[in-house]
Amino acid sequence: MTDQSMLSDESAGKSKWYNAVDPITKLLFILDMALLSFAGTNLIMEAGLITAAFLLLVFSKISSTTVKALGFSLFLIFTMLVIQGLFYSKNQTVLFSVLGINFYKEGLMYATTLGSRVLVIILASGFFMVTTTISENAKYLEQSGLSYKTVYVLMSVCYILPEIMGNMRKIQQAQRVRGVNPQRTILQKLKSVLPVLIPLVIKTLDQSMTRSISLQLRGFDNPKRKALKADTHYRLAGMWHIGLTMIAVVLIGWKLWTKINGLF
Amino acid sequence: MKTEPINRTSMWKFKLSAATMTLIPAAVGINYVAKALAEGLKLPVWLGSLGTFLASMLAGPVAGAISGFINNVIYGLTLSPISTVYAITSIGIGIAVGILHARGWFSSAKKVFVSAIIIAIVSAVISTPLNVIFWGGQTGIAWGDSLFAVMVANHLPVWLASFTDEFVLDILDKVCVAYLAFFIYRQLPQRMVRFFRDDK
């Protein structure tokens, strides 16, 4: 998590083209892309959506996080192609055979459609993941009307995680020094989890108590708390919100309409 | 070997107080490190709901549900986008743990086992439709998916195969997490339990 671009303010300072797009527009874009990919089963359309999302990512920034997310999903898509290609309930037409094992067209098409949808969502989310920072999200969400308490809960996670990971490494090292070695059989590994997790959880909750008392002392619950100063570097945010929301509503409505018509 | 259930006026009573506001991110953090620890040790379980369990046990089902929801949203927006939709499962787990704990089903080792089975059923029931929609019924865990493949190959319905795939993984994971949460909760200092319970 520490290698996340969300943790740095790097992208905010350089003012690239994607910094002019606000976080809510980016989230609505993910929603619209996901709904479009679920709108039909046309593989050409799915390929178009994957290309569009991929190009958007190429013209913004590609990070190791997106590559990791893609790597895991591609492996799962591969297993899905094998399982559905062999055993999908509607399999009829043999497409090819490997070592005498038949792979069917229907199952492979079904798995390709599902895999394409997953890729669309990952690539579209990747754009959000690599082009926004925690502070940008926090400021914008609060300006958009979300309560500052909710914003704090959402955003503090990203700052607390590296701290907890650091604590875990320290506890693991301490336990190894004391002779608790977590590198053996599964049962021993399961047993070795407790000496790490118990102190880690207690330390984490203890730090939460301290943080909570600090917040109260600093007057976080003060009703006269001032909202953050508005940022004005986003272009046409309102227009994007209305446009993308309308697309989402139309897509959901159309999908529901076709489902209801399909019942009769 | 017994722990006291939470005695609050209503388990559904919830206020985003300073204590809850700091408990929720901590629970999300615990989920994250427990999952990382399980992955690091190559354990056959996820352990990624330990924080949600503890938040529900300490501050009630609503806090647990919020912890679970935020956990998946943050995880989805930073590491694995598809896991965002499984936020619904995490909400279900948080609520189930909160209710079971408030009703005393985490008070002894025997009861914890029953609770773990109920939570595994809740988790599998919510996750199965999502698995079918996004992954054709698979879970992404090799041995669970092998079971899925065998069942589908024997012409059993995809829904049943997917539920079985998810349930066998969930039962093992939730039993481990429930016992971990039970043991850790008993080790927590009373001042800490009261701090998160009474600050309402």
Side-chain angles (χ1 to χ4, degrees), chain A residues 1 4 6 30 65 68-69 72-73 76 79-80 83-84 86-89 110-111 114 117-118 121-122 125-126 128-129 147 149-150 152-154 156-158 160-161 163-165 168 182 186 189-190 192-194 196-198 200-202 204-209 211-213 215-216 220-221, chain B residues 16-19 21-26 28-30 32-34 36-38 40-45 47 50-51 54 58 66 70-71 73-74 76-82 84 133-136 138 140 142 145 148-149 152-153 155 157-158 176 180 183-184 187-189 191-192 195-196 199:
Chain A
M1 196 90 179
Q4 291 296 300
M6 284 183 83
I30 301 172
T65 317
K68 274 182 205 165
F72 172 75
S73 305
L76 206 50
T79 62
M80 202 157 65
I83 291 176
Q84 301 295 348
L86 290 171
F87 308 124
Y88 183 50
S89 58
Y110 174 62
L114 292 185
R117 287 171 180 168
V118 169
I121 295 170
I122 291 173
S125 309
F128 175 86
M129 284 153 70
S147 97
K149 287 183 176 183
T150 315
Y152 173 83
V153 171
L154 275 170
S156 61
V157 175
C158 306
I160 289 169
L161 270 177
E163 189 182 297
I164 303 177
M165 293 296 274
M168 183 173 79
I186 287 179
K189 282 176 184 175
L190 271 170
S192 73
V193 164
L194 274 177
V196 177
L197 270 183
I198 292 178
L200 182 66
V201 169
I202 293 177
T204 305
L205 293 176
D206 201 46
Q207 285 173 336
S208 290
M209 281 173 68
R211 206 172 287 119
S212 163
I213 294 163
L215 282 175
Q216 284 169 325
F220 197 70
D221 276 327
Chain B
L16 197 56
S17 61
M21 252 164 49
T22 53
L23 174 67
I24 292 169
V28 177
I30 293 166
Y32 184 85
V33 283
L37 198 63
L41 293 172
K42 295 192 168 52
L43 294 173
V45 285
L47 304 184
L50 181 65
L54 287 167
L58 283 165
I66 295 173
I70 292 177
N71 177 60
V73 170
I74 297 281
L77 291 178
T78 54
L79 287 170
S80 166
I82 299 290
T84 311
I133 292 169
F134 287 95
W135 303 109
Q138 289 176 232
D145 283 348
F148 172 82
V152 174
H155 307 292
V158 172
C176 287
L180 273 175
F183 286 120
I184 291 172
Q187 305 287 328
L188 294 180
R191 66 178 174 92
M192 191 177 276
F195 183 83
F196 291 113
D199 197 343

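We name chains A, B, ... by the order of the sequence lines, and we start the count at 1 in each one. These figures come from a predicted structure and were not determined experimentally. For the numbers below, each heavy atom of this structure counts, side chains included, while hydrogens, waters and symmetry mates do not.
Only the side chain of B:Ile24 comes within contact range of chain A, with at least one heavy atom under 4.5 Å from a heavy atom of that chain. Contact of A:Met209 with chain B is made through backbone and side chain together, with heavy-atom distances under 4.5 Å.
A donor-acceptor pair under 3.5 Å is absent between the side-chain atoms of A:Ser208 and the main chain of B:Leu23, judged by distance alone.
Here B:Met192 is the residue among B:His155, B:Met192, B:Gln187 with the most heavy-atom pairs under 4.5 Å with chain A. Top candidate by heavy-atom pairs under 4.5 Å with chain B, chosen from A:Leu215, A:Ile160, A:Leu154, is A:Leu154. Note on B:Ser80, B:Gly136, B:Cys176: by heavy-atom pairs under 4.5 Å with chain A, the leading option is B:Gly136. Counting heavy-atom pairs closer than 4.5 Å to chain B, the top residue among A:Ile198, A:Val201, A:Ile213 is A:Val201. Most heavy-atom pairs under 4.5 Å with chain A: of the set B:Ala149, B:Gly51, B:Pro44, this distinction falls to B:Ala149. Of all the listed residues (A:Ile202, A:Leu86, A:Leu194), the one sharing the greatest number of non-hydrogen pairs under 4.5 Å with chain B is A:Ile202. Chosen from A:Asp206, A:Ile30, A:Thr150, the residue pairing most often with chain B at heavy-atom distances under 4.5 Å is A:Asp206.
For the atom pair CD (A:Glu163) and OG1 (A:Thr204), the distance works out to 8.0 Å, reported to the nearest 0.5 Å. Note that CG of B:Leu54 is 5.0 Å distant from CG of B:Leu50, once rounded to the nearest 0.5 Å. In this structure, B:Phe134 CZ and A:Ile121 CD1 are separated by 4.5 Å, a value rounded to the nearest 0.5 Å.
Legend: residues meeting side chain to side chain donor-acceptor pair (under 3.5 Å) with A:Ser89, ordered by chain and number and at least two apart, are absent. With sequence neighbours excluded, the residues forming a side chain to side chain donor-acceptor pair (under 3.5 Å) with A:Thr79 are B:Gln138, listed by chain and number.
Listed here is the closest heavy atom pair of B:Trp135 and A:Val118: CH2-CG1, 3.5 Å.
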